[in-house]
Asker: 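Got a structure for you, written out below as structure tokens; questions coming shortly.
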Amino acid sequence: RMAKEGNRGQKRPNFIRRFFSVLGPGLITGAADDDPSGIATYSIAGAQLGTSLLWTAFITWPLMAPVQMMCARIGLCTGKGLGGALRQKFPKQVVAIVALALLIANTINVGADLSGMADAAQMLTGLNSHYFVVFFGGTIAFATVRFRYYQLANILKWLAASLFAYVITAIVIQPHWSTIVYDTFVPSWPKGHEAWATLVAILGTTISPYLFFWQASQEVEEEKAMGRRMIVQRQGATSREIRDRKLDVGVGTFFSNLVMYFIILTTALTLHVHGQTNIETSSQAASALAPLAGKFAATIFTLGILGVGFLAIPTLTGSAAYAFAETFHWRQGLDQKFKSARAFYGVIILSTIVGIGLDFANVNPVKALFWTAVINGLLAPFLLVGILTVASDAKIMNKQCSSLLGRSVVGLTALVMFGAAIGMFVF
């Protein structure tokens, strides 16, 4: 940490330049949260339940941001990814089970995301979606293996801009804000199993396990890009590094939840109002918007699916690869060449190939995405307990444990997710 402080004697840039310079891992992770899985889940919520769950966008932000910051802090202070940090606290077998569960959930998610992207591309071009599944999957896997971390990070950062498509779509349909203010700021108690399942799915796709692993591993990659190749060089964090990451994570998670709000709003004021509540595919959701919100709005909605798919799939395959590599001590990292980290990149390639195969097995993409989100909603609280345990251990965190407030909020988040899961089964 002292060595890091010694490298900070440079003149500080102005606020605006510094603001954009610190945006990186937190922004990418936040944007990746609104992947086709999130879009499908939020679209189903809006189509089936109208504006009754708009309030979740404001409730999940103060829960999501501290969770992601805690994962970032673990990466910054331990010099390891989340899997490596968990290995210091829990038996290898337990962490391996978590890694396997993550890989299974992420691979299903990849397959459904690819199908959603392909359906969107078919809607725009008229070509068979199967061609696009292979093309998109192969292109993303090749880019993830071929490009080094700093190159991939720059690409992903720019892809985050594609999420503005959903803000634009909501503005195009010209909502009557006075009629939706109540549902925006006053939480309503979910009524029935369907509403509870949707709430769990929203929590699961917003506060999702793959984001925990990706956030921590990105911090390690950022440090490696600075020349800190050894763990001992990466241990500990300066106060400025922590402040910068808080800003980065705060902006990224706020942006993610803002987009979530507008997707629910758009589908609530179009599909739900006109009784179109049964969404089966991504292309159906987008095409249903055309006669209700206009072709322009539907096209923007569709293009957004493609953009966030290219952003999210590398985080899905990459987070599973990091989890396995850190659990079994494989050489890993997007800064490595393929020959140096075959097992790490092998997980990425395997996950992508299986994901492509799911499309040819005619698995319904939207239903797969939605129930993957539900599964993540059930798994996430257990993983949050593990993260909280690591972040509270002074030895593992090199005497830079998360604050009492941060630990309290993450603990509350775990309880909320446990409660929502129980509510789904009880009600």
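Keep in mind that this is a model prediction, so the values were computed, not measured.
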Asker: Got more than 12 heavy atoms from elsewhere within 6.0 Å of CZ, F254?
Answerer: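 At most 12 heavy atoms, drawn from other residues, nucleotides or ligands, come within 6.0 Å of this atom.
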
Asker: Less than 4.5 Å apart, any side-chain heavy atom of I207 and any of L63?
Answerer: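 Yes. Closest side-chain heavy atoms under 4.5 Å.
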
Asker: Measure the spacing between SG of C401 and NZ of K395 and express it to the nearest 0.5 Å.
Answerer: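 One gets 13.0 Å once the value is rounded to the nearest 0.5 Å.
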
Asker: Donor-acceptor check, side chain of T315 to backbone of A312, threshold 3.5 angstrom: yes or no?
Answerer: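 Yes.
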
Asker: Search all heavy atoms of G333 against all heavy atoms of K224 and return the closest pair with its distance.
Answerer: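 Looking at all heavy atoms of both residues, the shortest contact is CA-NZ, 4.3 Å.
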
Asker: Could you tell me if the side chain of V134 sits less than 4.5 Å from the side chain of F360, heavy atoms only?
Answerer: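 SC-SC contact between F360 and V134 confirmed.
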
Asker: Measure the spacing between CD1 of I59 and CG of L199 and express it to the nearest 0.5 Å.
Answerer: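 It comes to 10.5 Å.
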
Asker: N257 side chain to T253 main-chain N or O, any donor-acceptor pair under 3.5 Å?
Answerer: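 Side chain of N257 to backbone of T253, a donor-acceptor pair under 3.5 Å: yes, one is there.
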
Asker: Given the rule in the side chain to side chain contact (heavy atoms under 4.5 Å, CB included) test, do F418 and V385 qualify, once you have shown the distances and angles that lead to the verdict?
Answerer: CA-CA 11 Å; F418 274 123; V385 172; 4.2 Å; yes

Asker: Quick check: does any side chain N or O of S256 sit under 3.5 Å from a backbone N or O of G30, one acting as donor and the other as acceptor?
Answerer: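 Confirmed, S256 side chain pairs with G30 backbone.
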
Asker: Between Y42 and Y261, does the ring centre distance come in under 6.0 Å?
Answerer: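 No, they do not, as the ring centres are separated by 6.0 Å or more.
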
Asker: Under a plain distance cut-off of 3.5 Å, with no hydrogens placed, do K80 and Q88 share a side-chain donor-acceptor pair?
Answerer: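 There is such a pair between these side chains.
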
Asker: Within a radius of less than 6.0 Å around CZ of F135, do more than 12 heavy atoms belonging to other residues, nucleotides or ligands occur?
Answerer: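 For F135, atom CZ is not crowded (no more than 12 foreign heavy atoms under 6.0 Å).
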
Asker: Is there a side-chain contact between T78 and M397 in this structure, where contact means two heavy atoms from C-beta onward sitting under 4.5 Å apart?
Answerer: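 With C-beta onward as the side chain, the pair touches.
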
Asker: Where the side chain of Q400 meets the backbone of A237, is there a donor-acceptor pair that is under 3.5 Å apart?
Answerer: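 Present.
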
Asker: Quick one: does any side-chain atom of S340 pair with a main-chain N or O of Q336 as donor and acceptor, under 3.5 Å?
Answerer: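 No; judged by distance alone, with no hydrogens or angles, the pair does not exist.
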
Asker: Of the non-hydrogen atoms in L114 and G137, which two are nearest, and what is the gap between them?
Answerer: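 Looking at all heavy atoms of both residues, the closest pair is CD2-N, 3.7 Å.
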
Asker: Mind checking whether F90 and V98 have side chains closer than 4.5 Å, heavy atoms only?
Answerer: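 A side-chain contact is absent here, since even the closest heavy-atom pair is not under 4.5 Å.
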
Asker: Could you check whether E219 pairs with R245 (Lys NZ or Arg NE/NH1/NH2 to Asp/Glu carboxylate O, under 4.0 Å)?
Answerer: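 Salt bridge flag = yes for R245 with E219.
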
Asker: Hey, what do you get for CG (N106) to OG (S319), rounding to the nearest 0.5 Å?
Answerer: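 So the CG of N106 and the OG of S319 are separated by 4.0 Å.
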
Asker: Determine whether L211 and S208 satisfy the following criterion, side chain to side chain contact (heavy atoms under 4.5 Å, CB included), listing intermediate values before the conclusion.
Answerer: CA-CA 6 Å; L211 298 175; S208 190; 4.2 Å; yes

Asker: When you look at CZ of F382, are more than 12 heavy atoms from neighbouring residues, nucleotides or ligands closer to it than 6.0 Å?
Answerer: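 Not more than 12 within 6.0 Å, no.
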
Asker: Is a donor from one side chain sitting under 3.5 angstrom from an acceptor on the other, for Q218 and T29?
Answerer: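 Note: Q218 and T29 side chains meet the donor-acceptor criterion.
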
Asker: Find the distance between CG (N109) and CG (L316) and round it off to the nearest 0.5 Å.
Answerer: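 The CG atom of L316 is 5.0 Å from CG of N109, to the nearest 0.5 Å.
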
Asker: For a side chain to side chain contact (heavy atoms under 4.5 Å, CB included) check, start with the C-alpha distance between H272 and T267, then their side-chain angles and the critical distance, and finish with the verdict.
Answerer: CA-CA 7 Å; H272 180 77; T267 52; over 6 Å; no

Asker: Could you go through I74 and Q215, starting from their C-alpha distance and side-chain angles, then the distance that decides it, and tell me whether this counts as side chain to side chain contact (heavy atoms under 4.5 Å, CB included)?
Answerer: CA-CA 9 Å; I74 288 173; Q215 182 75 58; over 6 Å; no

Asker: Can you measure from CZ (R87) to CD1 (I396) and round to the nearest 0.5 angstrom?
Answerer: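 With rounding to 0.5 Å, CZ (R87) is 12.0 Å from CD1 (I396).
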
Asker: Do the non-hydrogen side-chain atoms of C71 and I387 ever get within less than 4.5 Å of each other?
Answerer: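 A side-chain contact exists here, since the closest heavy-atom pair is under 4.5 Å.
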
Asker: Checking side chain to side chain contact (heavy atoms under 4.5 Å, CB included) against Y322, which of V220, V347, L82, L334 comes through?
Answerer: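 The passing option is L334.
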
Asker: May I ask you to test the L86-L383 pair for a side-chain heavy-atom distance under 4.5 Å?
Answerer: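 Yes, at least one pair of side-chain atoms sits under 4.5 Å.
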
Asker: In chain order, what residues pass the side-chain contact (heavy atoms from CB on, under 4.5 Å) check against A195, with sequence neighbours excluded?
Answerer: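 With sequence neighbours excluded, A195 shows a side-chain contact (heavy atoms from CB on, under 4.5 Å) to L49, P190, given in chain and number order.
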
Asker: Please name the pair of heavy atoms, one in G50 and one in I264, separated by the smallest distance, quoted to 0.1 Å.
Answerer: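 Reported closest heavy-atom pair: O-CG2, 4.0 Å.
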
Asker: For I140 and G309, work out which heavy atoms get closest and say how close.
Answerer: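 Heavy-atom minimum between the residues: CD1-O, 4.3 Å.
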
Asker: Considering non-hydrogen atoms only, spot the tightest contact between P314 and F310 and give its length.
Answerer: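 P314 and F310 have their closest heavy atoms at CD-O, 3.2 Å.
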
Asker: Check whether any side-chain heavy atom of M260 sits under 4.5 Å from a side-chain heavy atom of T60, and report yes or no.
Answerer: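 M260 vs T60: side chains touch.
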
Asker: Which label fits W330 and F324: parallel for a plane angle under 30°, tilted from 30 to 60°, or perpendicular past 60°?
Answerer: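 Because their plane-to-plane angle is under 30°, the rings of W330 and F324 count as parallel.
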
Asker: Got L76 and E222 here, is their nearest side-chain heavy-atom distance under 4.5 Å?
Answerer: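 Of all side-chain heavy-atom pairs linking E222 with L76, none is under 4.5 Å.
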
Asker: Using side-chain hydrogen bond (donor to acceptor under 3.5 Å, both in side chains) as the criterion, list what pairs up with S351, not counting sequence neighbours.
Answerer: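 With sequence neighbours excluded, S351 shows a side-chain hydrogen bond (donor to acceptor under 3.5 Å, both in side chains) to T107, given in chain and number order.
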
Asker: Testing the basics here: between A323 and A99, what is the closest heavy-atom pair and its distance to 0.1 Å?
Answerer: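 So the minimum-distance heavy-atom pair works out to CB-CB, 4.0 Å.
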
Asker: Under the 3.5 angstrom rule, does the side chain of T198 hit a backbone N or O of A45 as a donor-acceptor pair?
Answerer: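 Side chain of T198 to backbone of A45: no pair is present.
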
Asker: Name all residues meeting the ring pair (Phe, Tyr, Trp, His ring centres under 6.0 Å) criterion together with F338; count only those two or more places apart in sequence or in a different chain, and write none if there are none.
Answerer: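 Applying ring pair (Phe, Tyr, Trp, His ring centres under 6.0 Å) to F338 gives none.
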
Asker: In Å, rounded to the nearest 0.5 Å, how long is the span from CG of D113 to CD1 of I108?
Answerer: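 The CG atom of D113 sits 12.0 Å away from the CD1 atom of I108.
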
Asker: Is there a donor-acceptor pair under 3.5 Å between the side chain of R407 and the backbone N or O of S402?
Answerer: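 Confirmed, R407 side chain pairs with S402 backbone.
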
Asker: Are any side-chain N or O atoms of T51 and backbone N or O atoms of L54, one a donor and one an acceptor, separated by less than 3.5 Å?
Answerer: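 Checking the backbone N and O of L54 against the side chain of T51, no donor-acceptor pair under 3.5 Å is found.
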
Asker: Determine whether the aromatic ring centres of residues F147 and F142 are separated by less than 6.0 angstrom.
Answerer: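 No; F147 has its ring centre 6.0 Å or more from that of F142.
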
Asker: Return yes if some donor-acceptor pair links the side-chain N/O of S403 with the main-chain N/O of G406 below 3.5 Å, else return no.
Answerer: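 The answer is yes, because a donor-acceptor pair under 3.5 Å joins these two groups.
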
Asker: Can D359 and S115 be counted as having a side-chain donor-acceptor contact under 3.5 angstrom?
Answerer: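 Side chains of D359 and S115: pair found under 3.5 Å.
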
